[in-house]
Amino acid sequence: MSKAEIGVLGLGTMGAMLAMNIADNGFQVAVTNRTASRIDEFMVEAGALADNIVAAAALEDFVQALERPRNILLMVPAGSAVDAQIAALRPFLDDDDLIIDAGNANFHDSARRAALAEKEGWPFLGIGVSGGAEGARFGPSIMGGGPKSGWDRVAHILTAISAKYEDTPCATWMGSGGAGHFVKTVHNGIEYADMQLIAEAYGILRDGQGQTAAQIATRFAGWNDGALQSYLIEISGKVAAAIDPETNHPMLDVILDRAGQKGTGRWTAIEAQMLGVPVPVIEAAVAARNLSAARDLRLRGSARFAATESTSMPHDAVTDTDLEHALIAGKVLCYAQGFDLLNRASEENGWDLPMPEIAEVWREGCIIRSAMLNDMATALRSDPKAHLALTPYFSKVLDQTMPGLRKVTLAAQAARIAVPALSAALAYADTLATARTTANMLQGQRDYFGAHSFERVDRSGAHHGPWLGAHLN
Ligand code: 6PG
């Protein structure tokens with residue numbers, strides 16, 4: 001067998017699926033894994049694809065199985081494992097051998113690794129891969145970061161294995177350093193928010209309207225035929241329709257309401273806060289996961305504060321169309337926040353992120369893939385720096401759907417149904433539309449207790465209020 005064009009190190013779920021995808025696309029791929037028995041298992045799982053796969057238990061054999069200049073895809077847990085694997089590999093590699101971290105790395109780590117590699121004279125790429133196991137096997141969305149020359153070397157493989165939107169590969173180089181993993185991080189922040197908005201709609205249908213999981217599944221399936229078409233709406237309908245084989249109850253009714261998180265959505269909120277970019281729907285989604293995890297606290301709170309009245313809503317409180325519009329508005333506002341953050345980070349890091357192409361590579365393969373992303377790509381092609389909510393197309397969408405967001409949010413709050421993401425979306429939209437907010441009170445307070453000064457509406461400069469010193473005498 002000829003030498004392999006690329007190697008995959010790490011045969012966990014994602015690594016195994018990517019290796020099979022690469023082999024399935026006709027490339028020779030070498031594979032290795034720290035636990036040798038896993039390699040044997042994988043070669044059996046690969047079936048006929050094994051004809052394009054070279055298995056190597058020893059790291060040196062793995063490297064020798066690769067044609068020069070070598071391309072190695074690391075699929076190991078994010079964090080120190082990546083650094084350890086790089087350190088283990090480098091002694092066997094030449095300076096023109098490429099190492100690609102395709103895990104869910106924090107973009108600061110990828111920026112650090114790319115800078116160190118550049119200083120040492122070898123190429124490092126950090127790429128975000130989205131789509132879970134199914135995406136990795138049959139076509140993920142791929143967001144590349146690091147030296148463009150490194151990307152260009154493997155672009156033919158990454159575009160071949162990526163998802164396709166109307167024959168266009170959902171794989172793009174985003175920029176230098178940690179750009180690829182930053183775009184993936186924002187993808188995950190939007191993913192958290194999208195999932196939370198859907199969960200809140202589910203809560204309104206379940207707790208407000210007393211609908212069963214089966215009825216809710218039907219509702220989601222219907223929405224998936226319209227403007228809300230997306231992978232997350234589709235799978236949410238399937239989750240709602242699923243029956244627990246053990247109890248024969250709806251699976252949803254058996255799942256404990258305590259959410260996990262590997263933390264990528266949290267990173268989005270942290271980076272947004274560091275840059276001063278408002279992403280309240282994403283932040284609400286992260287907070288909702290944190291509060292769901294505090295189940296003991298919620299059980300105590302429920303015992304103490306659960307209102308005597310139920311959470312049911314008057315039957316005509318909200319229609320299905322109101323709810324669909326609320327989700328559409330919440331989604332537009334959440335993505336607008338995500339792209340606002342991408343634009344700000346692009347400036348801050350000197351990346352020149354390709355906004356239209358980011359929306360384009362998210363159209364297929366990734367977890368947030370949806371029909372609406374093509375409209376976003378179109379809007380961003382007209383003005384890559386645009387705030388999505390203020391573009392001609394999406395401002396009209398909001399004209400049509402904001403009444404539904406307001407009606408649904410108010411009805412849910414009146415029924416004591418927590419809707420933090422929908423509420424954050426509504427408050428964000430209202431603030432976006434407010435020419436004179438109440439931040440003048442904040443400035444007055446800050447100047448009163450800390451002499452921090454404020455600007456005036458009638459002239460420039462920094463000013464203080466008449467209170468300065470008064471309360472110190
Ligand atoms: C993807 C997903 C994936 C995500 C895991 C766990 O794009 O394929 O976003 O990368 O990290 O599904 O996510 P959480 O544990 O953070 O929910």
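Numbering of ligands and ligand atoms starts at 1, following listing order. Atom set for the values below is all heavy atoms of this structure, side chains included, hydrogens, waters and symmetry mates excluded. Note that this is a predicted model, so its numbers are computed, not measured.
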(request) May I ask you to list the atoms of ligand 1 that are less than 4.0 angstrom from any heavy atom of K184? (result) 1 (C), 2 (C), 3 (C), 7 (O), 9 (O), 10 (O)
(message) Quick check on side-chain contact (heavy atoms from CB on, under 4.5 Å): which of N349, L341, T268 does F182 satisfy it with?
(response) L341
(request) Just need the protein heavy atom nearest to atom 17 (O) of ligand 1, so name the residue and atom and give the distance. (result) R289 NH1, 2.8 Å
(request) Show your working on side chain to side chain donor-acceptor pair (under 3.5 Å) between T218 and Q215 and close with a plain yes or no. (result) CA-CA 5 Å; T218 303; Q215 290 170 316; over 6 Å; no
(message) Tell me if the NZ atom of K262 is crowded by more than 12 foreign heavy atoms within 6.0 Å.
(response) no
(message) Y335 vs W362, test: ring pair (Phe, Tyr, Trp, His ring centres under 6.0 Å). Steps then yes/no.
(response) CA-CA 12 Å; Y335 280 68; W362 287 351; 7.1 Å; no
(request) Report yes if G131 has an N/O atom closer than 3.5 Å to an N/O atom of ligand 1; otherwise report no. (result) yes
(message) Can you tell me if E120 has over 12 outside heavy atoms packed within less than 6.0 Å of its CD?
(response) yes
(message) When you measure from atom 14 (P) of ligand 1 to the protein, is at least one non-hydrogen atom found at a distance under 4.0 Å?
(response) yes
(request) Check for a donor-acceptor pair, side chain of D194 on one end and backbone N or O of K331 on the other, with a separation under 3.5 Å. (result) no
(request) Could you name the option among I368, I190, N188, I367 that has the heavy atom nearest to atom 4 (C) of ligand 1? (result) N188
(request) Can you pull out the closest protein heavy atom to atom 7 (O) of ligand 1? Residue, atom name and distance to 0.1 Å, please. (result) S130 OG, 2.6 Å
(request) Provide the number and element of each atom of ligand 1 under 4.0 Å from a heavy atom of H187. (result) 7 (O)
(request) Could you tell me whether a side-chain N or O of S141 sits under 3.5 Å from a main-chain N or O of G365, the two making a donor and an acceptor? (result) no
(message) Counting non-hydrogen protein atoms only, what is the nearest one to atom 11 (O) of ligand 1? Give residue, atom name and distance.
(response) N104 ND2, 2.9 Å
(message) Under a 4.0 angstrom heavy-atom cut-off, which atoms of ligand 1 come close to T264?
(response) 16 (O)
(request) Examine G132 against ligand 1 and note whether any of their N/O atoms are separated by less than 3.5 Å. (result) yes
(request) Would you mind listing which atoms of ligand 1 come within a distance below 4.0 Å of any non-hydrogen atom of G263? (result) 16 (O)
(message) So for S141, does at least one of its heavy atoms come nearer than 4.0 angstrom to any atom of ligand 1?
(response) no
(message) I'd like to know if the side chain of S423 pairs up with that of Q413 as donor and acceptor (distance under 3.5 Å, no hydrogens or angles considered).
(response) yes
(message) side chain to side chain contact (heavy atoms under 4.5 Å, CB included) for N33 and V31? Distances and angles first, verdict last.
(response) CA-CA 7 Å; N33 190 74; V31 298; over 6 Å; no
(message) Pairs of nitrogen or oxygen atoms closer than 3.5 Å, one from Y192 and one from ligand 1: do any exist?
(response) yes
(message) My understanding is that we take every heavy atom of each candidate and find the minimum distance to atom 6 (C) of ligand 1. Doing that for M195, E191, K262, which one comes out nearest?
(response) K262
